[in-house]
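Inspection log for the structure reproduced underneath, given as structure tokens.
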Amino acid sequence: RGYMTKYDCSSADINPIGCINKRDLKSFLAYAKEHFGYHSLESILEAQPCAELRPIEDKTKDSTQNDEEEMGMTYDELDQFGKLRKIKGCGPVSMFSELLQIWKHLTPEEIAVKVKRFFFYYSVNRHKATTITPAYFAEDYGTDDNRFDHRQFLYNVKWDYQFKK
């Protein structure tokens, strides 16, 4: 799902961290804190992921939003979805089958709900990812990586045929 707004948070001359997933970026920040003494990074590492799209109503809290709660999935799960979709070319049915083998901690019903949610928001937001700021790509999968992406970008958000399976 994510919170990328076309030509907004993705607009710049270059986006050096745009294609680094949250887990890898947090690992890098933790490394920099530990090995380079950048202790100011601690507050970033402890912060809950938040798009900060709504005004803060409770002044005792940093934000009223939590990305993972709103998306219905963690960033680690979102990263797994992205890799299965982009690298393996999985659609809803094959992704569900793959995740049954990977996510032993969830029931098949819980996995199905997450897969359906992912593909709904993937379909709704896919068109936004077709115009992206140039970025540095250091791995096979990046959330903004369109170099070899020949998939369609407009989808029927219902996925009726696949979800019936």
Side-chain angles (χ1 to χ4, degrees), residues 1-31 45 47-53 65-165:
R1 175 176 167 169
Y3 289 103
M4 183 183 129
T5 304
K6 194 171 190 174
Y7 305 119
D8 182 23
C9 61
S10 65
S11 70
D13 291 328
I14 190 164
N15 186 358
I17 64 169
C19 284
I20 300 173
N21 66 47
K22 296 228 186 269
R23 183 182 60 243
D24 290 346
L25 182 57
K26 277 193 151 185
S27 295
F28 172 75
L29 293 175
Y31 180 89
L45 290 166
Q48 291 294 315
C50 173
E52 298 177 350
L53 297 174
Q65 281 183 283
N66 180 302
D67 291 357
E68 293 179 339
E69 287 176 12
E70 286 193 357
M71 292 187 298
M73 60 192 82
T74 67
Y75 275 106
D76 285 341
E77 290 170 340
L78 191 58
D79 184 51
Q80 185 73 60
F81 283 129
K83 288 177 180 173
L84 289 172
R85 180 72 180 141
K86 184 95 176 238
I87 296 171
K88 286 195 157 193
C90 289
V93 177
S94 57
M95 185 176 291
F96 174 76
S97 298
E98 291 275 341
L99 291 173
L100 282 174
Q101 306 307 312
I102 298 169
W103 290 349
K104 301 289 189 189
H105 62 288
L106 296 175
T107 67
E109 291 78 16
E110 291 170 319
I111 293 172
V113 167
K114 287 180 182 279
V115 168
K116 287 177 181 179
R117 188 172 183 91
F118 169 78
F119 273 96
F120 173 79
Y121 284 108
Y122 174 85
S123 302
V124 168
N125 292 302
R126 172 77 176 113
H127 71 283
K128 296 178 191 177
T130 60
T131 304
I132 304 253
T133 304
Y136 169 68
F137 302 101
E139 56 185 290
D140 289 340
Y141 166 72
T143 55
D144 294 345
D145 182 3
N146 288 311
R147 295 171 296 167
F148 311 110
D149 192 349
H150 302 291
R151 295 168 293 160
Q152 68 189 56
F153 62 92
L154 295 175
Y155 287 90
N156 176 345
V157 298
K158 295 179 184 174
W159 294 82
D160 293 329
Y161 175 78
Q162 294 86 348
F163 288 169
K164 285 179 186 172
K165 285 188 161 220

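- Heavy atoms only, all atoms of each residue included: Ser94 and Gly91 are closest at OG-N, 3.1 Å.
- Closest non-hydrogen pair, Leu78 versus Met71, comes out as CD2-SD, 3.9 Å.
- The structure places CZ of Phe81 at 13.0 Å from OH of Tyr122, a figure rounded to the nearest 0.5 Å.
- The only member of Val113, Leu100, Leu99 that meets side-chain contact (heavy atoms from CB on, under 4.5 Å) when paired with Pro108 is Leu100.
- Of the possible polar contacts, none joining the Arg23 side chain to the Tyr75 backbone as a donor-acceptor pair under 3.5 Å is found.
- With rounding to the nearest 0.5 Å, the separation of CD1 in Ile102 from CD in Gln80 is 4.0 Å.
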- Task: Begin from the C-alpha positions of Lys116 and Trp159 and carry the test side-chain contact (heavy atoms from CB on, under 4.5 Å) through to its verdict.
- Result: CA-CA 9 Å; Lys116 287 177 181 179; Trp159 294 82; over 6 Å; no

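- The CZ atom of Phe118 lies 7.0 Å from the CZ atom of Arg85; values are rounded to the nearest 0.5 Å.
- In this structure, CD on Glu77 lies 9.5 Å from CD1 on Ile111, to the nearest 0.5 angstrom.
- Each of Lys114, Glu110, Glu98 was compared with Trp103 under the side-chain contact (heavy atoms from CB on, under 4.5 Å) criterion, and only Lys114 meets it.
- The pair Lys83-Asp79 counts as a salt bridge, with a side-chain nitrogen and a carboxylate oxygen less than 4.0 angstrom apart.
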